Each structure stands twice: as C-alpha cells, then as structure tokens.
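The shown structure was predicted, so the numbers you read here are calculated from the model rather than taken from an experiment.
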Amino acid sequence: MAYDDGFRRTEAVQAVTARVLGSTGAELTAVYVPAEADGELQLAEMVGGSGVPYGLPTRYTLSGTSPVATVFRTGVPLWLSPAELAEYGTAGPPGTTGADAWNEAGAPPADVSLAVLPLGGESKRLGCLVVVEQTAEAFDDDRRHLLELHADQVAAGLEAVGARVMARTERRSLLGPGLDTLRGGAFTLVLRTGRMEADRQVLELFGIPPEQFDRRVETLLAHTAPDDVPALMSIVEPGRQPVPGQQLSIRIRRTNGELRWLTLRSRVLVDADGTPERMLGVVADASYLRPTADEVSIVQRLSAALGGTTTVRDVSRVVVAALRLPLAASRVAVAELEADRLVVSVLDPPEPADWPAFWQSEWRSEWPDTSCQSMPTLESVLRAGHVALWPRGAALEPGLADIGPGGLAVLPLPADGRIVGVCLLGWDEEHAFGPEERSLLTATAGLVGQALVRAHALDAGHELATMLQRSLLPRKLPSLPGGVAVARYLPATMGLEVGGDWYDVIPLSDGHVALVIGDVEGHSAGAATIMGQMRTAIRAYAVEGHPPDVVFSHANRLLLGMETDLFATCCYVDLDMEEGIAWFVRAGHLPPLLRLPDGSTEELRVEGGPPLGVAADGEFPLTEVGLAPGTVLVLLTDGLAESATVPLDVGIGRVCEALTAVDPADAGRLADELLGSAKRRDDDVALLVLRYDGMRVRPTRVRWAVWRLPDAVMHARRFTARTLRSWGVTEEMDVALLVVSELVTNAIAHTQGEVRLDLTLTADRLRVAVNDASPRAPAKPASVDWEATGGRGLLLVEAMSASWGSVPLSGGKQVWSEITLQPGERPGAADAPDAPDAPDVHRNGEEVR
C-alpha cells in the first residue's frame, strides 16, 4: 500500500507512478518532483512499504547534500549500498545524521540499499526516482539497467501529464485529457537465440496466459497490431541497438478483441567483444494513448476536407494545412509514388532555399523529382508500409536527415493494398515524438492514401479528357499581320469533362483570316468526335477559298450525311486584315461581341441561320461589318454566359461589362478576365478574342495570267522583273526569277487549264504564288540521279526559299514560295505593270531581266 504522509498528491502523478513503481519489485519506490516553492523537492508518490518500519521524508532541500538533491542537481544516478548510505553525510537539517534525515522516526536497517535516478534530461529536470531495497547487494548491472528504463518511462509519463495540463489551461492541442493508468513489467531477451524471459506484468499486458508463454519473441509479435510489427521488429531484431532514450509506442490486440496501447523502452547489453548479447526492456500500459476528442475532431475535419478534393494538388494542400501548424513542423512534403520515383505534388514552404541541397539539386520544374533509390532508408520504409519516426541525431542519409535535423516523420500513404505516396514531416528544433502523434499520423496516412487514389483517378480522367480535347483543338494560333488572336478553353467540372466546343483561326489567301467558334450538342466522346470532324471540314472548305456562306452550306450537308442525331452551332468570320472588312455568318450560335476603340461594347446584330445538321435546305446569310483599328472581336460559346442559375441575357450582359472594364492592350489578360473565376462549370467554355490593330503597311499585290505559249516562262520572268524593279526589290531579283521559272514551268508542264502568277510584297518578304487547275499536290523527288534531265525544280525552290508549300483551292491548288528580303528602307512601290493583252516578245533576241 502507499505510504500515507498527509502530502496532497496530484491525481495525474499518482496515475503515472502507482503501478510503474509497483512493478519494479522494490521494497519501496517513490517519485520526488520540484515543489511550487523554489528550492525544494516534494514527495509526489510512494508505493510499497507494506510492513516496512521506515518511510521517506516528504521534502528535500535542493541545496542540501541528500542523495535525492545531489542526483537532481547533477543528473547522475546514485547506487548506494548500506555502508555507502550510512556514510553519505549530512542529508537533512543541521545537526542531523544521514540516518536521521532518512527517517525522522528512526534509522533504516543496516541491510537497506538505496538507488536514486534523475527524471528528465539536462534541459528539463522533472524530478527523481528513489528505490529502496532491503538487501545489501540489490543493484547489479541488470537491475540498474532496468531501473534506468523505468525512470525513462516515468519521465515520459510526467512529460505527458505536463503537456495535458497545459492543454487544459492554455490551449487545445492533439493531446488528450490525461493519463489513466501506466502499468509496467520487465523482460530479458537473448538476441542470439530469440529466447525471452518476461514477468507476469508483461504477459498480462500482452494478454498471454503465463502457462501458454513459450518464451519465444514471435509469440509477442503475434499479438501486436500488424501496422506496428515492423517498429517492434526494429527494436528486437539482432544487431539493432535502440536509440538512447527512445520510447516505442505499439498497439496489441488482446484475445477479447480489445486494442491496447503499450510503450516499450529497451537497452542492449554487449559481451566482451562488443557483440550485442542481451536486451533488457520494460513494457508499460499506455491506455492514455487512446484517441482524444481533439484527435478525433482533427481526423474528422481532415476527412471532410479530403472529401471535397478533386485533384492530387488539392489533397496535398489539405494535408499540409492539417498537419504542419498543429504539429509545428518546419517542412512538409507530399509526393505520389510512380514506379521507383517520387512525384512531389506540394512542398511547404515552397521555396527551394528552404529545402536541403539534395532536394534543390533535383528541382526540375515547379517541384523536385527524385528516385527512391537515392534514399535507401525511405525506400525501406515505403516497402514496409508503416509510419517511421526518427529523433534528432538519427543516422540517415542527407536527403532525409536534412529535412528534419530535429526529428523526422515518414508516413507511407496506403490505399488498395499498396503504397501510393508518402508524406514527410521535418522539424529543425529537437522534436520529442509523443505516442499520440503516431496514432494521429497513422490515421492520417490511411485517409490521405485513399484520397490520393481517388484524386489520381479523377486527375487521370481529367487528363484523358484534356488530351482528347487538345488533340482536337489547335495547339497554337497563328501570328496575324495587323492583329492578335488568343483563345481559351475550359472543360466542364461536372460530369464528363470532354465536350463539343471548339475554336479555330485559319489564315487565308490575300491577307484574309477566318475565325471560327462552334459547339456540338452534348458532352460525350461522340460529341467530341463530331466536333473534330466539323472543325476539320470547315477548315478544309475555308482553305479552298469558299466564301463563308458556302463553307456553312458544305458543312451542313456533311453533318446531315453523318447519320448522327447531334447538331452543331457555329459562328464564322472572314476578316480582311488589310481593309478591316469582316463577313459574318451564324448558324444558331451566340452573336459576336465588339469592343469599339472608344471602350463601348455592343452585341453585334448578325443574321443567323439554323444550326448545322438540322435542315438540308438551310440558308446562312452574310452580314458585312467594318472594323476600325483598336476594335476587339469576341466569339464565345454559351458555357461562358449561361448556366443553370444565370439566364443567357444576364450572362451576356456580364460578359459585356467585363469586356468594357478590361484594358485591351494585353489580349491574353483580357481573355482571362472574361473567363472569370468560376470553379464549377456545368458546360465547357470556348472563347476566341481578336484585337484588330490594322496593318501599318499594307501588302502590295499584282496578278498576271500566264498564257500557254512556248515562251510562257520567259514572259512570266519579264513581268516579274518589271514588277520587282517598280517595287525597289533588286538584291533578291535573281532568286525570285529562278523561283518563278520553276513554278511556272511545273504548272505549264504538268497541268491543264488556267495558270495564274501572284506576287505579294510585304515589309520583309516577297511571296510568289502560282495557281493552276490541278488538285494534285506537287511531289518533291526523294533523290535525283546525276544523269537525270529533270526533277530538280522543287529542290531548287526549296533551297532558294525561306518557306514554301502547296494549298488546295476550289478547282485546283496554289504552290507558293516566300523569299526573305534584305532589311532596309525601300522606295515606295509604284503601280505594278498591268498584265499585257498579248504576251511580250523578244527584243533583239534577248530576254528582258
């Protein structure tokens, strides 16, 4: 029974010491802690002493010479035999002997031995553990090791009590309300054979009847929770020496199904050669590690937050928010595991300078990307699949140790029977891992792993939809002379994310450009397929040179012939970039929006026809509009303006207001502002913006019909020479004449019908184009034999041109070549010579150049 000295003990300290101290097997055990008044140690709890005719003082003066005060000041344990105890010296008030100070009622028997052990470290001394044995030789080496382990257990309990008192009085934390019980026992393990001797307390804690214990360590492992077996194995496997002061927290499953927390501290003894021989350990009840109300609330909040995440990045951010601040971690990293590589999704803090040199060297883009093989310890933890905690000074590779010099936690993230990722938490200052943290981190890891798998599946679906959409949409928009075009596409966030919205910008001949935006009904792979076919068809009809209404007529008949129930709305603009004249045609689509140079915005009234694929005899009237330089043209789909809660007219009004408020100087930013910040969309959105600036220097063009005469090439060269001289182009004259000769020769020799030569001069380029009536594209030979008399024409054109190509036209094709002109001022181009009514003839037998 406990010695009743009238001292008022705290309930928490009693709970820590009552059974731990009772399990030491000593005659009398006690714990002294600093008193509220400075300069004294007071008795907090005493266990044992049944039938013992002596007790212990209730207080010790810190400045005195008693064994308790000495150990508290020095931190060095004392192991006093009866003779040493009798000779220790004055331990109490002046004029008293050691015996008098020991017990005011009388001296202890001559065969009493005393052990005093410090509780806590140098930075924080918690008190002293006093053990009294009624034998002369009580403290052999094994007994000393076990008592030191018991002292560590008591110190850990006192620290937890202090943290909980602080939690109740100052803040709410992850810690629970307090300790209930802390029962303990001791064991000895022979490392070479695996044979174990355990007292009844240990067996009772593990739920093993004494008669069924076979002295094998595997029997204890069989009762351990599967998630904690690797941690226990790391302590009891041969050759592994526990980190001094480390406390291992494990869970065991009793025969009745009860899950119980235990704490274990151990020490390895070596033989004369330094080989690990035996392990001494103490196991104590740690039922105070059950989840507290605060822990449950944190897990509940984390679970609710993870339920709303849709991407891997969202999951990672939720984890950082849930763990870094409550645990006061210096660094948190969340990464997916792909094959043997870590694909980081979030680092906090995000700056490379805040992370170790190893991670900085792996920084490839936004986050580092590294192989697990470069960190064997991490690879081992992921393979085992259990939470691992390392205190300050643990022997780890720099890639891990530098993340948490003061402590490191590695959380494998399990899901579906495999490890899908990992979370790393590091502390710069020394961090003492409480067993509550292991409980919280283990629960967190399971939740995060499942959320990662779900988010990865959503990401994969989103990526598949995005890849499909991107493959059907232009990769980039062409550069336009006299304007800037930008486009944006956002998939729907609800339902299948692949839709039928599309846009296109198609450069045409003679400085024209076609702007197209459309929307196929529905959200499905079928809608996306029809969208791709319609975009391709409209581009092909436009490049052939058909006017906008004819393009729509052809596309309408094509969609009707596809035997699909889907229809498409579309808006098409043919814009002359030189003159600023635009021809609009609309098939059931939203009207375009214009932002005029004065900043006002209007909805353009454009005559419309039925959607494509609805009526075989549908008509698509043209609307002509002149655009002044500085005008912004906006084409959009209904997903931007209309939703389940916003009517179409209201949505169009909002877009117009946003268009009025944005500076058009940055077309990309203008498009982003029009999209807004809506995160959830019922429909996909396509947006095409053109800022028309007008052409500062308009291209100069001439055309000439090539007559099919034996000397047609000569006349084409003469016409070209006169034209280039009138334009002030002299340096590139020979190159241009060679290209004209080859292109006209090919057209005359290989086609029938009309042949036309077009020359276009821009600020830095000369374009030579020859139109013919054959739809067959020219074929460049793969190789030409040195004896061949032909086949070199296109090779010469390719060698002389900055670029060249062939485009189909209605009823034929156009083969073109662009020649780069030397920079510098050129005299103003005079009117080009008119095409003669009859071909020119030789003069004096010479060809005019």
Discussion item. Does the plane of the ring in Phe552 sit parallel, tilted or perpendicular to the ring in Tyr572? Use 30° and 60° as the thresholds.
Written reply: perpendicular
Discussion item. Quick check: closest heavy atoms across Val729 and Met733, and the distance to 0.1 Å?
Written reply: O-CE, 3.7 Å
Worksheet item: Can you tell me if His750 uses its side chain to pair, donor with acceptor, with the backbone of Thr745 under 3.5 Å?
Response: no
Discussion item. Using side-chain heavy atoms (C-beta onward) and a distance below 4.5 Å, is Trp502 in contact with Ile538?
Written reply: yes
Discussion item. As a quick check of understanding, evaluate salt bridge (Lys or Arg N to Asp or Glu O under 4.0 Å) for Arg701 and Asp758, giving each step before the final call.
Written reply: CA-CA 7 Å; Arg701 291 190 177 88; Asp758 294 346; over 6 Å; no
Worksheet item: Hey, does Thr760 have a side-chain heavy atom less than 4.5 Å from the side chain of Trp816?
Response: no
Worksheet entry | Among Val685, Val689, Leu636, Asp672, side chain to side chain contact (heavy atoms under 4.5 Å, CB included) partner for Arg488 | Asp672
Worksheet item: Is a side-chain donor or acceptor of Arg586 paired with a backbone partner of Pro621 at a separation under 3.5 angstrom?
Response: no
Item to complete: Please report the shortest heavy-atom distance between Pro548 and Val585, naming the atom on each side.
Response: CB-CG1, 3.7 Å
Worksheet item: Take atom CG in Asp565; do more than 12 heavy atoms of anything else shown fall under 6.0 Å from it?
Response: no
Worksheet entry | Derivation of the side-chain contact (heavy atoms from CB on, under 4.5 Å) call for Leu627 and Leu594 | CA-CA 9 Å; Leu627 303 183; Leu594 283 184; 4.1 Å; yes
Practice prompt. Step by step, work out the side-chain contact (heavy atoms from CB on, under 4.5 Å) result for Met534 and Met531.
Written response: CA-CA 5 Å; Met534 293 305 299; Met531 177 267 283; 5.9 Å; no
Worksheet item: So do the side chains of Met562 and Leu558 get within less than 4.5 Å of each other, counting heavy atoms only?
Response: yes
Practice prompt. Answer yes or no: is there a donor N or O on one side and an acceptor on the other, between the side chain of Thr723 and the main chain of Phe719, under 3.5 Å?
Written response: yes
Fill in: Over 12 foreign heavy atoms within 6.0 Å of CZ, Arg708
yes
Worksheet item: Does the side chain of Glu578 come within less than 4.5 Å of Pro699's, by heavy atoms?
Response: yes
Worksheet item: Between Thr637 and Ala686, is there a donor-acceptor pair closer than 3.5 Å when you use the side chain of the first and the backbone of the second?
Response: yes
Fill in: Ile581 side chain reached by Glu624 side chain, heavy atoms, under 4.5 Å
yes
Practice prompt. Could you give me the CA-CA distance, side-chain angles and deciding distance for Thr762 and Arg767, then say whether side-chain hydrogen bond (donor to acceptor under 3.5 Å, both in side chains) is met?
Written response: CA-CA 8 Å; Thr762 61; Arg767 180 183 176 94; over 6 Å; no
Worksheet item: For Leu635 and Tyr503, what are the C-alpha separation, side-chain angles and deciding distance, and is it a side-chain contact (heavy atoms from CB on, under 4.5 Å)?
Response: CA-CA 9 Å; Leu635 305 179; Tyr503 59 86; over 6 Å; no
Item to complete: Please check if the side chain of Asp772 supplies one atom and the backbone of Gly812 the other of a donor-acceptor pair under 3.5 Å.
Response: no
Discussion item. Any heavy-atom pair between the side chains of Ile517 and Cys571 that's under 4.5 Å?
Written reply: yes
Worksheet item: Is Ser774 close to Lys813 at the side-chain level, that is, under 4.5 Å between some pair of heavy atoms?
Response: yes
Worksheet item: Between Arg691 and Ala667, what is the shortest heavy-atom contact and its length?
Response: NH1-N, 4.0 Å
Practice prompt. Check for a donor-acceptor pair, side chain of Asp574 on one end and backbone N or O of Ala514 on the other, with a separation under 3.5 Å.
Written response: no
Worksheet entry | Student check: side-chain heavy atoms of Leu794 and Glu798 closer than 4.5 Å | no
Practice prompt. Return yes if some donor-acceptor pair links the side-chain N/O of Gln752 with the main-chain N/O of Ala773 below 3.5 Å, else return no.
Written response: no
Worksheet item: So, Tyr692 side chain and Met577 main chain: donor-acceptor pair closer than 3.5 Å or not?
Response: yes
Worksheet entry | Atom CD of Glu602 with >12 non-hydrogen neighbours under 6.0 angstrom | yes
